[in-house]
Amino acid sequence: MATIPITLRGAEKLKTELHRLKTVDRPAVINAIAEARAQGDLSENAEYEAAKDRQGFIEGRIQEIEGKLSAAQVIDPTGLDAGGKVVFGATVELEDEASGDSVTYQIVGEDEADLKQGLINVSSPIARALIGKEEGDTAEVQAPGGVKRYEIVAVSYR
């Protein structure tokens with residue numbers, strides 16, 4: 001299995017979710033199943049079916065997170081020394097050449113991406129256009145509305 005890049009913050013977030021699933025959600029759903037079984041006939045017991053569905057979801061998510069963590073290559077952006085190049089984990093300040101709007105993104109793994117927080121997936125079109133570039137370079141991104149050009153104003157590793 002190929003390694004999956006993830007930032008230190010993203011790995012901690014997954015570990016926290018895994019801990020919650022195993023220590024809070026899993027025991028709660030086991031109790032819900034036990035209570036539903038105590039009500040008698042399981043063939044027409046909606047609470048039992050709902051609890052079993054929830055248990056399936058929780059167990060699936062636990063397996064998914066454990067798989068991702070086992071294949072994860074944890075990268076600490078503060079320890080990067082990429083010589084000013086845009087790499088995974090870098091924070092990049094961009095200026096839209098057409099509108100002059102300024103935006104800042106950090107390039108992160110798939111599970112961490114959240115555009116509202118300025119976290120973009122490493123496999124997104126804009127991240128792919130930025131990787132390998134340096135401060136002062138221009139990146140062209142194929143967007144749904146056409147090609148957008150961004151000037152890289154600053155690159156940092158935080």
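Along the sequence shown, residues carry numbers from 1. On a predicted model such as this, the values are computed, not experimentally measured, just so you know. Quick note: numbers below take in every heavy atom, side chains included, and nothing from hydrogens, waters or symmetry partners.
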Does Asn45 reach the main-chain N or O of Ala36 with its side chain, forming a donor-acceptor pair under 3.5 Å?
yes
Is a donor on one side and an acceptor on the other found under 3.5 Å between the side chain of Tyr157 and the backbone of Gly84?
yes
Is there a donor-acceptor pair under 3.5 Å between the side chain of Glu95 and the backbone N or O of Ile152?
no
Does any non-hydrogen side-chain atom of Ile62 lie less than 4.5 Å from one of Lys22?
yes
N/O donor-acceptor pair under 3.5 Å between Glu112 side chain and Gly10 backbone
yes
Tell me whether Leu115 shares a hydrophobic cluster with Val108, the cluster being built from Ile, Leu, Val, Met, Phe, Trp, Tyr side chains joined at under 4.5 Å.
no
Test of understanding: clusters of I, L, V, M, F, W, Y form through side-chain heavy atoms closer than 4.5 Å, transitively. Do Leu8 and Ile107 belong to the same one?
no
Test: Lys68 and Glu64 ion pair at under 4.0 Å
yes
Taking only distance into account, with no hydrogens and no angle test, what donor-acceptor pairs under 3.5 Å do side-chain atoms of residues 24-32 form with protein atoms, sequence neighbours excluded?
unit_1: Asp25; atom_1: OD2; unit_2: Arg20; atom_2: NH1; d: 2.5
unit_1: Arg26; atom_1: NE; unit_2: Glu59; atom_2: OE2; d: 2.8
unit_1: Arg26; atom_1: NH2; unit_2: Glu59; atom_2: OE1; d: 2.9

CG-CZ distance between Leu119 and Arg9, expressed to the nearest 0.5 angstrom
5.0 Å
Evaluate the side-chain proximity of Asp137 to Val86: yes if any heavy-atom separation is below 4.5 Å, no if none is.
no
Tell me which pairs pass salt bridge (Lys or Arg N to Asp or Glu O under 4.0 Å) where either residue lies in residues 149-158, with sequence neighbours left out.
Glu97-Arg149, Glu140-Arg149
Under a single-linkage definition using a 4.5 Å side-chain heavy-atom cutoff for Ile, Leu, Val, Met, Phe, Trp and Tyr, are Ile6 and Ile75 assigned to the same hydrophobic cluster?
no
Going only through I, L, V, M, F, W and Y residues with side-chain contacts under 4.5 Å, is there a path from Ile131 to Val155?
yes
Is the closest side-chain heavy-atom distance between Pro77 and Thr91 below 4.5 Å?
no
